[in-house]
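Below, chains carry the letters A, B, ... as their sequence lines are ordered, and counting in each starts from 1. Note that the structure is a prediction, hence the values are computed from the model and not measured.
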Protein chains: 2
Amino acid sequence: MPIREQQRLDPVEREGIIAREAVSFFAEHGFEGQTRELAKRLQITQPLLYRYFPSKDALIERVYQEVFVGRWRPSWEKIITDRSVPLEARLIQFYREYAEVILTYEWIRLFMFAGLKNLGLNARYLKMLRERAFEKLVEEIRLEYGRPSIRDLPITVLEIEMVWGLHAAIFYLGVRKFIYSMPLETDVNSIIDAKVATFLSGIHTVLPAKETV
Amino acid sequence: MPIREQQRLDPVEREGIIAREAVSFFAEHGFEGQTRELAKRLQITQPLLYRYFPSKDALIERVYQEVFVGRWRPSWEKIITDRSVPLEARLIQFYREYAEVILTYEWIRLFMFAGLKNLGLNARYLKMLRERAFEKLVEEIRLEYGRPSIRDLPITVLEIEMVWGLHAAIFYLGVRKFIYSMPLETDVNSIIDAKVATFLSGIHTVLPAKETV
DNA sequence: ATTATTATTTATCGATTGATCAACAAAGAG
DNA sequence: CTCTTTGTTGATCAATCGATAAATAATAAT
């Protein structure tokens with residue numbers, strides 16, 4: 001008898017449920033996934049989606065917000081700049097926590113779907129990542145090695161490229177797992193630790209000269 | 001007057017033209033791109049596509065062949081194993097040539113579209129890459145450092161993971177450029193040279209012990 | 001208990017999409 | 001020049017998709 005009664009939910013709750021399921025749904029099928037199929041997964045009818053979101057694009061925009069904005073942790077910026085902790089430990093902690101968020105089925109696939117569709121979303125996100133993480137990170141490295149601040153001597157292409165390399169190594173783990181469907185045979189954290197170590201031992205070669213006066 | 005006469009081409013030629021344009025078209029729009037739009041780019045009518053390919057999926061399958069099978073160069077395997085050339089030079093030459101092929105708009109995007117759609121294509125391709133390149137590469141490194149052959153001592157997860165890291169760094173350049181639409185500020189070859197150097201200087205730490213009796 | 005509000009469903013529209021079939025036209029065979 | 005072959009097009013089908021409007025039913029208000 002109690003198979004399933006019709007649900008009549010509070011609008012805020014319903015909207016949240018739809019948004020959450022949309023994240024999972026579009027991550028799986030891409031943004032060309034059909035609203036009817038999404039509705040079926042939600043056990044509601046398709047027109048009801050349009051009661052809560054004016055269009056499919058609006059729903060997709062909400063998915064972006066939910067994942068790429070909503071999952072950013074401001075505490076990460078503090079981790080990087082907390083000079084009471086050794087630099088390597090800071091990097092490891094940051095990348096471990098960051099990896100925990102982006103190395104998920106939803107994050108990786110949605111980011112790639114968004115890129116292929118191309119609105120400026122990815123470039124915009126990565127610009128933010130550069131400002132909030134990459135640049136702070138290089139500044140800390142400069143300080144560690146007794147080099148001038150990035151305020152006095154702008155970040156070089158090579159420095160940023162080294163950071164990109166580290167970022168790529170981690171991100172690609174997610175690509176292998178969630179896009180290529182290849183099981184990872186290794187512990188992610190240990191890879192991160194190793195990559196951070198190699199990164200730090202290699203970066204001094206591209207740092208600007210010590211004396212610049 | 002000579003605006004455009006109706007073309008009546010030889011079937012083999014027409015099929016080739018369609019296949020080539022399909023590569024470009026699906027790389028841009030993904031596999032959900034419409035056959036009518038593809039036909040318009042070819043300046044033919046949409047039903048003509050079905051004279052040469054029984055279905056859209058068959059055309060897509062042809063695109064896979066064209067790009068992922070057709071662009072592989074057997075000479076790459078020779079480059080890696082040519083012991084008359086120093087190891088680092090071999091790696092640099094291989095990765096420069098390989099990058100020249102895969103770091104293109106069509107290759108990168110089609111590979112990603114295929115991954116997200118997921119047939120086993122990507123895993124299959126990467127399995128081939130592992131066998132034809134990665135494993136040979138590790139074997140050469142083992143030899144260079146006086147370690148046992150991979151026939152005697154199987155490749156370790158860490159060794160492969162190091163190669164993945166190098167691969168990721170290069171592949172990600174293409175992702176940034178062709179999926180995120182971010183202009184690369186650096187010369188690709190110089191990045192490859194640097195990555196290969198870092199790779200080689202780091203790999204000995206994960207190589208198996210010298211004495212294994 | 002009756003009414004008002006609104007969350008949800010049913011029915012449907014208009015546009016799009018992969019695919020099919022008969023008609024047309026360009027080239028070669030005789 | 002006529003006939004045959006076949007590359008190409010025009011017309012159209014059936015299914016699918018985002019979106020809209022009216023009908024229904026659950027909850028709150030009086």
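- Remark: P of C:dT9 and CG of A:Leu48 are 6 Å apart, rounded to the nearest angstrom.
- One atom, CG of A:Asp10, and another, P of D:dA26, lie 17 Å apart when rounded to the nearest Å.
- When each of D:dG18, C:dG18, C:dT8 is scored by its nearest atom to the side-chain atoms of A:Arg14, the top-ranked nucleotide is C:dT8.
- Ring centers of B:Phe26 and B:Phe113: at least 6.0 Å apart, outside the cut-off.
- Rounding to whole angstrom units, CD1 of residue A:Ile60 and P of D:dA19 are separated by 9 Å.
- Contact annotation for B:Phe53: no contact, since no heavy-atom pair falls under 4.0 Å across all strands.
- Rounding to whole angstrom units, CZ of residue A:Arg51 and P of D:dA21 are separated by 13 Å.
- A straight line from OH of A:Tyr50 to P of D:dA22 spans 19 Å, rounded to a whole angstrom.
- Closest contact between the side chain of A:Arg8 and the listed nucleotides C:dA27, C:dA19, D:dA26 involves D:dA26.
- Computed from coordinates, the B:Glu15 CD to D:dG7 P distance equals 11 Å when rounded to whole Å.
- In this structure, CG of B:Leu42 is placed 11 Å from P of D:dT8, rounded to the nearest angstrom.
- Side-chain atoms of B:Gln93 and B:Glu97, non-hydrogen and from C-beta on, do get closer than 4.5 Å to each other.
- At a threshold of 4.5 Å between non-hydrogen side-chain atoms, the residues B:Glu88 and B:Phe199 do not count as touching.
- When distances are taken from the side chain of B:Thr35 to each of C:dG18, C:dA19, D:dT20, the shortest belongs to C:dG18.
- For the pair A:Ile17 CD1 and C:dA7 C1', the computed distance is 13 Å after rounding to whole Å.
- Contact check, A:Thr45 against C:dT8: no side-chain N or O comes under 4.0 Å of OP1 or OP2.
- Between B:Glu140 and B:Arg83 there is a salt bridge, since at least one side-chain N of the basic residue sits less than 4.0 Å from a carboxylate O of the acidic one.
- Base engagement by A:Pro47 is indicated by at least one non-hydrogen atom pair under 4.0 Å involving a base atom.
- Taking the centre and axis of the six-membered ring of A:Phe31, the NZ or CZ atom of A:Lys117 falls inside the cone set by 45° and 6.0 Å.
- Scanning residues 22-33 of chain A for heavy-atom distances under 4.0 Å to DNA chain C yields an empty list.
- In this structure, A:Arg71 fails the cation-pi test against A:Trp107, since its NZ or CZ atom is not both closer than 6.0 Å to the six-membered ring centre and inside 45 degrees of the ring normal.
- Of the side-chain N and O atoms in B:Tyr52, one or more sit less than 4.0 angstrom from OP1 or OP2 of D:dT8.
- Ranking D:dG18, C:dG18, D:dG7 by closeness to the A:Lys56 side chain, first place goes to D:dG18.
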